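The structure appears below as structure tokens.
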Amino acid sequence: MRLIAILLALLVAGCTGSGNCVRLPGSAQYCLVDGPWPEYSAEQAATVTFQDKTMRLITRVQSGEKGLHFAGVTPLGQTVIQVSWENGVLHGDMPPPLADRLDGMLFPALLQIATWPAEEVRKGLPGGLALIEKEGRRIVSDGQQDILIVSWEGKTLPYQRLRFEAPAVRLLIDAQTLDDETAQ
């Protein structure tokens, strides 16, 4: 029950947008950009903290020319979220309480912001929002406040660590890539 409550809390982070657009944490919007995804796959230990609630997941990401596949699995192996974005089409499989409340496009949007070239990501941002790029970090800002802060450790995909922070809603997603020994 606690797991479902935390995932429902992510509703604040992503609400249904229009077409291929999704609301980012807070009130900003991002529209997924069509094109080939970078080639990588990763299994990560992820901690999702929303305000004072924390959830741990194992996430599996498969990215490539045809698109993106994302799955969130509990530490005991129960699949909670499966989302794919292929050829501009979103497919999602989430438990019934989540399906009508959580926009599955949030996951591909966050990963696109983190892993695509900055000039491509900027195409998905509406006017009034800027993408600020620094070494190992990207910030989506409206000029007044930081909407989304993405940071990573590592030079190539998959990053060893990937963090998403939305200060306005006190959301933090911290994912660390599992090495081959840990994953088995």
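Starting from 1, each residue takes its place in the sequence as its number. On a predicted model such as this, the values are computed, not experimentally measured, just so you know.
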- prompt: Are any non-hydrogen side-chain atoms of T59 and V73 less than 4.5 angstrom apart?
  reply: no
query: Can you hop from L172 to F50 via hydrophobic side chains spaced under 4.5 Å?
result: no
- request: Identify the two heavy atoms, one from P167 and one from I149, that lie closest to each other, and give their separation to 0.1 Å.
  value: CG-CD1, 4.0 Å
If you look only at distance, which donor and acceptor atoms sit under 3.5 Å apart when one is on a side chain in residues 137-146 and the other is two or more places apart or in another chain?
{"unit_1": "R138", "atom_1": "NE", "unit_2": "E133", "atom_2": "OE2", "d": "3.1"}
{"unit_1": "R138", "atom_1": "NH1", "unit_2": "I113", "atom_2": "O", "d": "2.6"}
{"unit_1": "R138", "atom_1": "NH1", "unit_2": "W116", "atom_2": "O", "d": "2.6"}
{"unit_1": "R138", "atom_1": "NH2", "unit_2": "W116", "atom_2": "O", "d": "2.8"}
{"unit_1": "R138", "atom_1": "NH2", "unit_2": "E133", "atom_2": "OE2", "d": "3.0"}
{"unit_1": "S141", "atom_1": "OG", "unit_2": "G143", "atom_2": "N", "d": "3.0"}
{"unit_1": "S141", "atom_1": "OG", "unit_2": "Q145", "atom_2": "O", "d": "3.2"}
{"unit_1": "D142", "atom_1": "OD1", "unit_2": "Q144", "atom_2": "N", "d": "2.8"}
{"unit_1": "D142", "atom_1": "OD1", "unit_2": "Q145", "atom_2": "N", "d": "2.7"}

- prompt: How long is the gap from CD1 on I58 to OG1 on T74, to the nearest 0.5 Å?
  reply: 9.0 Å
- line: Output for pair (S63 OG, F70 CZ), nearest 0.5 Å, gives 12.5 Å
task: Please lay out, stage by stage, how L125 and L131 fare under the test side chain to side chain contact (heavy atoms under 4.5 Å, CB included).
output: CA-CA 8 Å; L125 293 171; L131 179 70; 3.8 Å; yes
query: With side chains defined as the heavy atoms from C-beta onward, is the minimum distance between V83 and P108 less than 4.5 Å?
result: yes
message: Counting C-beta onward and ignoring hydrogens, is there a side-chain heavy-atom pair between D174 and R161 closer than 4.5 Å?
response: yes
message: Within the structure provided, determine whether V121 and K123 are in side-chain contact (heavy-atom separation under 4.5 Å).
response: no
Pair E86 + K66, salt bridge at N-O below 4.0 Å: no
field: For C31 against Q112, the heavy-atom pair lying closest together
entry: O-OE1, 4.3 Å
field: Close side-chain approach of D93 to I81, heavy-atom, < 4.5 Å
entry: no
- prompt: Which pair of heavy atoms, one from Y159 and one from T115, lies closest together, and at what distance?
  reply: CE1-CG2, 4.4 Å
- prompt: What pair of heavy atoms forms the shortest contact from A109 to V22, and how long is it?
  reply: CB-CG1, 3.5 Å
message: Applying side chain to side chain contact (heavy atoms under 4.5 Å, CB included) to I173 and R163, what does each step give before you reach the verdict?
response: CA-CA 6 Å; I173 302 170; R163 290 174 46 104; over 6 Å; no
- request: Quick one: closest heavy-atom pair of V33 and G124, and the distance?
  value: CG2-N, 3.8 Å
query: Does the side chain to side chain contact (heavy atoms under 4.5 Å, CB included) test come out yes or no for W85 and F107, once each step is laid out?
result: CA-CA 10 Å; W85 173 260; F107 302 104; over 6 Å; no
- request: Identify the two heavy atoms, one from A114 and one from V150, that lie closest to each other, and give their separation to 0.1 Å.
  value: CB-CG1, 3.6 Å
query: Which value, rounded to the nearest 0.5 Å, describes the distance between E65 atom CD and E39 atom CD?
result: 7.0 Å
field: Note: E119-R122 ion pair, threshold 4.0 Å (strictly below)
entry: no
- prompt: Distance from L90 atom CG to M105 atom CE, nearest 0.5 Å?
  reply: 5.5 Å
field: Test item: F164 and L171 side chains (from C-beta on) under 4.5 Å apart, heavy atoms
entry: no
statement: d(T49 OG1, E165 CD) to nearest 0.5 Å is 10.5 Å
- request: Name all residues meeting the side chain to side chain donor-acceptor pair (under 3.5 Å) criterion together with E135; count only those two or more places apart in sequence or in a different chain, and write none if there are none.
  value: K155
Rounded distance [0.5 Å steps], CG in L162 versus OG1 in T177: 8.0 Å
